[in-house]
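These numbers come from a predicted model, not from an experiment. Residue numbering restarts at 1 for every chain, and letters A, B, ... go by the order of the sequence lines.
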Amino acid sequence: MVTTPTRVRFAPSPTGYLHVGGARTALYNWLFARKTGGAFILRIEDTDAQRSTEAHTRVILDGLAWLGLDWDEGPIFQGAHVERHRADAERLLVENKAYRCFCTREELEAQRQATPGGVDLYKYDRRCDRLPPEEIAARVAGGMPFVLRFRMPDAELAWEDAVHGRIGFHGRDLDDLVVLRSDGTPIYNLAVVSDDVAMRITHVIRGDDHISNTPKQIALYLALGAPLPVFAHVPVILDTDGKKLSKRRGAVAVGDYQDRGILPGAMRNFLALVGWSPGEDREIMSPAEMIELFTLEAIQKKPAIFDTAKLEWMNGQYLSRMSGASLAAPVARELEKMGVQVRGAHLLPPYIDAVKSRARTMLEIAERVAIRLDSRRAVLDDKGRKLIEKMGDGYARALVLATDTLRGLGEPEWRAEPILDALKQRVEQEGMKLGDLLQPIRVAITGTTVSEPVNELLEVVGRSSSLARLTAAAERNGASGC
RNA sequence: GGCCCCAUCGUCUAACGGUCAGGACACCACUCUUUCAAGGUGGUAAUACGGGUUCGAUUCCCGUUGGGGUCACCA
């Protein structure tokens, strides 16, 4: 059996950040290409010169690279091929599948307003298509500006969608679409079809919001005599309140999650599962496993809500599978951004291992490492303050006791085990409970009531800094007299 | 409004005519414990509604309702 290699593309327009919905579409294209041994092509749709910028292109490329979605061809800039787009449009005119329309924007707007039954019913009435040839020739000769309009066929325009099944429109419900602007530049729908044909795209995997463009594009494929690709429309991603993800509420750009300390592997894994499921209750998957299991047919038909709580859970899962050493470099970068001095990323792993299991993002890891590295970062929070209030004088007394006990340990014995032994012994002598001594130490060292076991905390913070913090905290709370 | 798409726990989903409707996140309880997590155990929680078809419907068909997309010389 001979199969033609599949060719898919991700075609964002560089008019903004890389939206998580777009990233997921890119991921599905990538998974499909890798699964079928085909090519994943990146095309930048920059025909809207007004809004397209190089910076946005950069952001999109960086975002894809961060997610590990490597492309086989491109980036191809749509703007570089306007000559071909124009040629295709001209061909439609020559073959009488398109016509010149001399209506100005103002006239069109007036026609729309004058629609009997309301503007909702408006459809271009093809008045320019009825112009006599000599009139057209005269207007063209006179330099009158015109757009090229594609004559929408009065026919059924349907296709078998890989995720939705059969979807059908009728040409009579569609307007004659403009394919070439009066300045000669191509319009999106023409450019897309022209490019997809030229790039020999076999599967168009894109957002649901393009369903209504598809019949128009099918009409263009037909008019251009090109074979139709397989279409697969993946549903949109919605916000927690069921509305379209918007910039106002929370993060929508993949860069936002990168900044929050989400790992690319976790993001990729989570994104794959928003709208697709491999079945068998599989959730944590390597890229290879996802490629193995991926099919277009298993993509969900209904829009999905983006649940950041689950994303963070997944990030925690990935975090727990990673060593402190492998996290050192990214954490060092976070610390740098926070303005915390680090004398080399190689010193970080013990600190990261100490805090990792209690954190869900790299940002949290960095914050907690910072507290252990730098006493000025250990600011009292609500939980810490509450404990101090609750303990009253007992707080300072416990700290003095702890300091006194720990001072007995020299630098070489400053290890988790001996520290715990010493504290336990002291607690027994004093007839206290272990927690009564440990919790104040935790607050004095970190400013909060949450941390790894106190003896491990003391070890990682080190002897001199630990003792200094304990002493300072005791003094701040009126223990000078003891 | 026209056209189109969609509908299982709060959320992501499994089921492709017969299951006590399964899993995960979140939540609650218990457990572990040096606080908090993590882990372990258990629990609350869903087939939007109404008609068909069928011995039997989450599943197939129709309608209602609800949600979404799209209707540019934007992409």
Side-chain angles (χ1 to χ4, degrees), chain A residues 11-16 45-48 50-52 78 101 103-105 108-109 112 117-123 145-149 161 163-164 167-170 172-175 177-189 191-192 207-215 233 235-236 238 240 242-244 270 273-284 297 300-314 316-317 320 355-360 383 387 420 423-424 427 433-439 441-443 448-457:
Chain A
S13 49
T15 54
E45 309 214 317
D46 57 349
T47 53
D48 183 0
Q50 305 290 319
R51 298 191 296 157
S52 299
Q78 194 160 54
C101 173
C103 298
T104 64
R105 291 168 198 265
L108 255 16
E109 183 53 31
R112 183 174 293 118
V119 291
D120 280 345
L121 268 41
Y122 174 77
K123 208 181 136 196
F146 60 85
V147 301
L148 238 45
R149 264 186 204 275
D161 196 276
V163 345
H164 289 275
I167 300 180
F169 286 79
H170 198 99
R172 77 171 89 86
D173 296 322
L174 273 22
D175 225 339
L177 67 139
V178 174
V179 290
L180 223 51
R181 296 186 184 92
S182 51
D183 65 0
T185 58
I187 281 292
Y188 172 76
N189 277 308
V192 167
D208 232 346
D209 48 335
H210 285 289
I211 285 183
S212 57
N213 279 325
T214 306
H233 288 96
V236 294
L238 303 176
T240 323
K243 295 273 184 256
K244 211 174 166 182
F270 177 72
L273 259 20
V274 179
W276 171 71
S277 162
E280 300 170 20
D281 299 335
R282 298 285 294 277
E283 294 218 305
I284 305 288
E297 291 69 28
Q300 202 72 20
K301 293 208 238 324
K302 70 165 175 175
I305 289 173
F306 195 83
D307 182 10
T308 49
K310 187 152 185 178
L311 204 212
E312 293 196 350
W313 166 79
M314 186 159 288
Q317 293 293 309
S320 69
V355 302
K356 195 163 65 82
S357 67
R358 255 155 288 263
R360 289 199 147 187
K383 281 180 277 189
L387 179 98
L420 185 59
L423 290 172
K424 270 185 173 163
V427 160
K433 279 187 292 180
L434 191 58
D436 293 339
L437 192 55
L438 298 186
Q439 202 61 341
I441 296 176
R442 180 175 279 120
V443 171
T448 185
T449 57
V450 175
S451 87
E452 63 273 38
V454 166
N455 54 327
E456 293 170 23
L457 171 69

Can you tell me, in whole Å, how much space there is between the P of B:rC60 and that of B:rC5?
15 Å

Can you check the distance between B:rG66 and B:rA48, where both ends of the measurement are the C1' atom (answer in whole Å)?
8 Å

Taking the P atom in each of B:rG22 and B:rG42, what is the distance between them to the nearest angstrom?
14 Å

Residue A:Ala304, side-chain atoms from C-beta onward, closest of B:rC12, B:rA75, B:rC5
B:rC12

Is there a side-chain polar atom (N or O) of A:His233 under 4.0 Å from OP1 or OP2 of B:rC5?
no

Length of the CZ-C1' vector between A:Arg112 and B:rG2, whole Å
14 Å

With P as the reference atom in both, quote the distance from B:rC30 to B:rU11 in angstrom, rounded to an integer.
28 Å

Rounded to the Å, how far apart are A:Lys302 NZ and B:rG66 C1'?
13 Å

When rounded to the nearest Å, what value does the distance between C1' atoms of B:rU59 and B:rG52 take?
15 Å

Using the P atom as the reference point in each nucleotide, state the distance between B:rC32 and B:rA37 in Å, no decimals.
16 Å

Check whether any side-chain heavy atom of A:Val427 sits under 4.5 Å from a side-chain heavy atom of A:Lys433, and report yes or no.
no

Starting at the 5' end of RNA chain B and moving along, which residue's nearest nucleotide shows up first, A:Leu311 or A:Ser212?
A:Leu311

Assess whether one donor atom and one acceptor atom, taken from the side chain of A:Lys310 and the base of B:rA24, lie less than 3.5 Å apart.
yes

Whether the side chain of A:Asp161 engages the backbone of A:His233 through a donor-acceptor N/O pair (distance < 3.5 Å, no angle test) should be reported.
yes

Checking N1-N3 plus N6-O4 or O6-N4 for Watson-Crick, or N1-O2 and O6-N3 for wobble, each under 3.5 Å, the partner of B:rG1 is B:rC71

Whole angstroms only, please: what is the CD-P distance between A:Glu109 and B:rA72?
10 Å

The nucleotide from B:rU70, B:rG1, B:rU11 with an atom nearest the side chain of A:Asp307 is B:rU11

Within the modelled atom types, does a donor on one side and an acceptor on the other bring the side chain of A:Asn213 and the base of B:rA75 under 3.5 Å apart?
yes

Touch check for A:Gly168, heavy atoms < 4.0 angstrom, all strands: base, sugar-phosphate only, or nothing?
sugar-phosphate

To the nearest angstrom, the CG-P distance between A:Leu177 and B:rC71 comes to 12 Å

Give A:Glu283 one of three labels, base, sugar-phosphate or nothing, depending on what nucleic acid heavy atoms sit under 4.0 Å from its own.
base

Is there a donor on the side chain of A:Ser182 or the base of B:rC73 sitting less than 3.5 Å from an acceptor on the other?
yes

Of A:Thr15 and A:Val274, the one whose nearest nucleotide on RNA chain B sits closer to the 5' end is A:Val274

Side-chain contact check for A:Arg105: nearest option of B:rC6, B:rC73, B:rC3 is B:rC73

Taking every non-hydrogen atom, the tightest pair across A:Arg442 and A:Glu452
NH2-O, 3.2 Å

Nearest-angstrom distance, C1' atom, B:rC16 to B:rU47:
15 Å

Quick one: A:Leu273 CG to B:rG23 C1', roughly how many Å, whole number?
11 Å

List the atom of A:Pro186, the atom of A:Leu180, and the distance in Å for their closest heavy-atom pair.
CA-CD1, 3.7 Å

Within the 4.0 Å heavy-atom criterion, would you say A:Phe169 contacts the bases, only the backbone, or no part of the nucleic acid?
sugar-phosphate

Would you compute the distance between atom CG of A:Leu311 and atom CG of A:Asp307 and round it to the nearest 0.5 angstrom?
8.5 Å

Taking A:Lys310 for its side chain and A:Phe270 for its backbone only, find out whether a donor-acceptor pair lies under 3.5 Å.
no

In B/S/- notation, 5' to 3', how is nucleotides 30-49 of chain B contacted by protein heavy atoms closer than 4.0 Å?
----BBBB-S----------

Length of the line joining A:Lys301:NZ and B:rC5:P, which is rounded to integer Å
11 Å

Kindly point out which of B:rU13, B:rC4, B:rG68 is positioned nearest to the side chain of A:Ile167?
B:rC4

Go ahead and name the base partner of B:rA29; Watson-Crick or wobble counts if both distances stay under 3.5 Å, otherwise write none.
B:rU41

Euclidean distance, atom CG of residue A:Asn189 to atom P of B:rA75 [Å, nearest integer]
9 Å

Below 3.5 Å, does any donor atom in the side chain of A:Asp281 face an acceptor in the base of B:rG22, or the other way round?
yes

Mind calculating the distance between CG (A:Asp120) and P (B:rG2) to the nearest angstrom?
9 Å

Nearest to the side chain of A:Asp209 - B:rU70, B:rG1, B:rC74?
B:rU70

Report which part of the nucleic acid A:Gly207 touches: base, sugar-phosphate, or nothing (heavy-atom distance under 4.0 Å, all strands).
nothing

Between A:Pro278 and A:Leu273, which heavy-atom pair has the shortest distance, and what is it?
CD-CD1, 4.1 Å

Just by distance, with hydrogens left out, do A:His170 and A:Asp173 show a side-chain donor and acceptor under 3.5 Å apart?
no

Any strand: nucleotide that pairs with B:rA48 via Watson-Crick or wobble, under 3.5 Å:
B:rU64

Side-chain heavy-atom pair A:Val443, A:Thr449 within 4.5 angstrom cut-off:
yes

Residue matched to B:rC55 through Watson-Crick or wobble contacts both under 3.5 angstrom
B:rG18

Which atoms form the tightest heavy-atom contact between A:Phe169 and A:Ser212, and what is the distance?
CZ-CA, 4.1 Å

Inter-nucleotide P distance (B:rG63, B:rC4), Å rounded:
12 Å

